Asker: 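Okay, handing you the structure first.
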Amino acid sequence: MINLSHNQLEIRFPEVHKRAGVKIDFQRTLRVPDDSETHYLPPGLGRFPLRHIEDFDLKNKSHLKKRGGVIMPMFQADALWLNFTPLYEQGFDEEYPIAIKIGTGKICAISGDKWNSSLNRDPQDYITVPGQPWLDGYNADQNGTVRQFVAAPLGKGYTVEEQLTGSATVGGIQIQAFPMKVKTYRKLMKSRSFGAEVEACYSAAPRLEHKESFDMGLAPGGSIKQDIYEDEYSLEDWDLRNSHRCFVTLANATQWMDLTGEAPPLSPNTEYRYKQQGLPWFDYYDEDRDAINTAVKLGKVKSPKELGAAEKDPKWDEELVHHPNTGNSIIPQFLSKESKNKDKKKWW
Amino acid sequence: MKRFGSYIRDCREKLNKESKGYSVRKVADKIGVEPAFLSKVERDIVPPPSEKKIIAIAKVLKEDPDILLAMAGKVSTDLLKIIQKRPVIFADLIRKLKKEPDHAVLKIVREVTDGDW
């Protein structure tokens, strides 16, 4: 079952095991500059609001209700990352492993393959929790980096879906979660209780979170340093007969206000302002786990900037970033990388 | 709770003020009953019509069929089937939830739906 609680999807498998489940939320964040540089993990600026899609009158788009799931607002200037939290955070030893597939426009964000409702290993098309606390983008860049998930209007050719399929029919975000087989989990618990593999490789200090489509999809943005870890179990360890899935429809800010009467979260903070306030950026590095290779199919996709979005749409950059004082559009400055690779397994 | 007849009459008259396509005659036509019968239903002179007609009224007046059925003292066939499969469990569940606030009930029953995609 999937419940919505505090703008978070709570996916549970009580029929499998009381601990089997995961919580997923979508964090608003800064767009990192889309340039040749690789950037550190940007901060979380709070959860995007999520609502049951069937609660709203979608007017001429009411067919979208047939997909079920939830609806979420995004400004064109927004970027997001997915935050995965085990259901019971009472120590790594007891967390129940869950495999999660993530798609945008029904293209897998990990493998670049068309969406299918199973787990595949060659290439791996899912992430595992615990182990992968966040996902900031497509497995589309060089190894050890991802291309940031950034909002893009459907129908202009910027989304990954449009670049790989040539059509703009789906949009949104797709999630499907599979629990580990209960037999495997029990064996795992037994081995851990004997101290065989107790050493935690997952230190889940929360990444900073500031409390303060219909026609939308996601496109690849700037490059971010992030590994997507290889599944440390075998494919047979996952319970493919039990899965839950959710379609996240993306609405632009105007559509969201029309539908819900709620103001969407304010346009994102800029990297410029964030840097001026001396706020931290993040790195996560687990030397005990191997990362998977970049998805060959996603290697072909280009960012809106590379596709000339700014030239085609004069407002593109203005929506992207605004100077905190003047309101004029600005080009964000790069962050200093003096500390890069200095520390492993560290949050900063 | 308002009576079924007066409730649908209020809904119909409100819509009729906005678009003039909701006279007793026109609505009766749309749901397939005689205008005189609908008029009597609206004045609560006769009992509410069948489940099928109530669902048709809800559709025409853009109301929730479950609410209209509840006002008419009826339970939709699909809900009845669900209860009849496990009458003891559902009767117990509904009685236990009787005094719970809405948010607590929603938390128990509300799941994110999955559809065709």
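Source: prediction; values computed, not measured. Within every chain, numbering begins at 1; the chains are lettered A, B, ... in the order of the sequence lines, protein sequences first and strands thereafter.
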Asker: Is the number of heavy atoms from other residues, nucleotides or ligands within 6.0 Å of CZ (B/R86) greater than 12?
Answerer: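 No, the 6.0 Å shell around CZ holds no more than 12 heavy atoms from other groups.
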Asker: Quick one: which residue pairs count as a salt bridge (Lys or Arg N to Asp or Glu O under 4.0 Å) with a foot in residues 252-264 of chain A, not counting sequence neighbours?
Answerer: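 Only A/R51-A/E262 qualify under salt bridge (Lys or Arg N to Asp or Glu O under 4.0 Å).
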Asker: At what distance, to the nearest 0.5 angstrom, does OG1 of B/T113 lie from NE2 of A/H52?
Answerer: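 Reported value, rounded in 0.5 Å steps: 8.0 Å.
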Asker: Looking at A/G69, is its backbone amide N or carbonyl O close enough to the side chain of B/D114 to form a donor-acceptor pair, meaning the two atoms are under 3.5 Å apart?
Answerer: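 Answer holds: no.
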Asker: If we only count heavy atoms from C-beta on, is the A/L9 to B/V112 side-chain gap below 4.5 Å?
Answerer: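 A side-chain contact under 4.5 Å exists here.
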Asker: Does any backbone or side-chain atom of A/L50 lie under 4.5 Å from a heavy atom of chain B? Answer side chain, backbone, both or neither.
Answerer: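 Neither; nothing under 4.5 Å.
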Asker: Below 4.0 angstrom, N of the basic side chain to O of the carboxylate: do B/D116 and A/K65 qualify?
Answerer: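 Salt bridge flag = no for A/K65 with B/D116.
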Asker: How about B/E13: does its CD atom have over 12 heavy atoms from other parts shown lying under 6.0 Å from it?
Answerer: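 Atom CD in B/E13 is packed in, count exceeds 12.
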Asker: Measure up the A/W115 and B/W117 rings against each other and bin them: parallel (under 30°), tilted (30 to 60°), perpendicular (over 60°).
Answerer: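 Taking B/W117 first and then A/W115, their aromatic rings sit tilted (interplane angle of 30° to 60°).
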Asker: Got A/I2 and B/E111 here, is their nearest side-chain heavy-atom distance under 4.5 Å?
Answerer: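 No, too far: nothing below the 4.5 Å cut-off.
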Asker: Taking A/D55, A/I11, A/I53 one by one, which has the highest count of heavy-atom pairs under 4.5 Å against chain B?
Answerer: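 Ranked by heavy-atom pairs under 4.5 Å with chain B, first place is A/D55.
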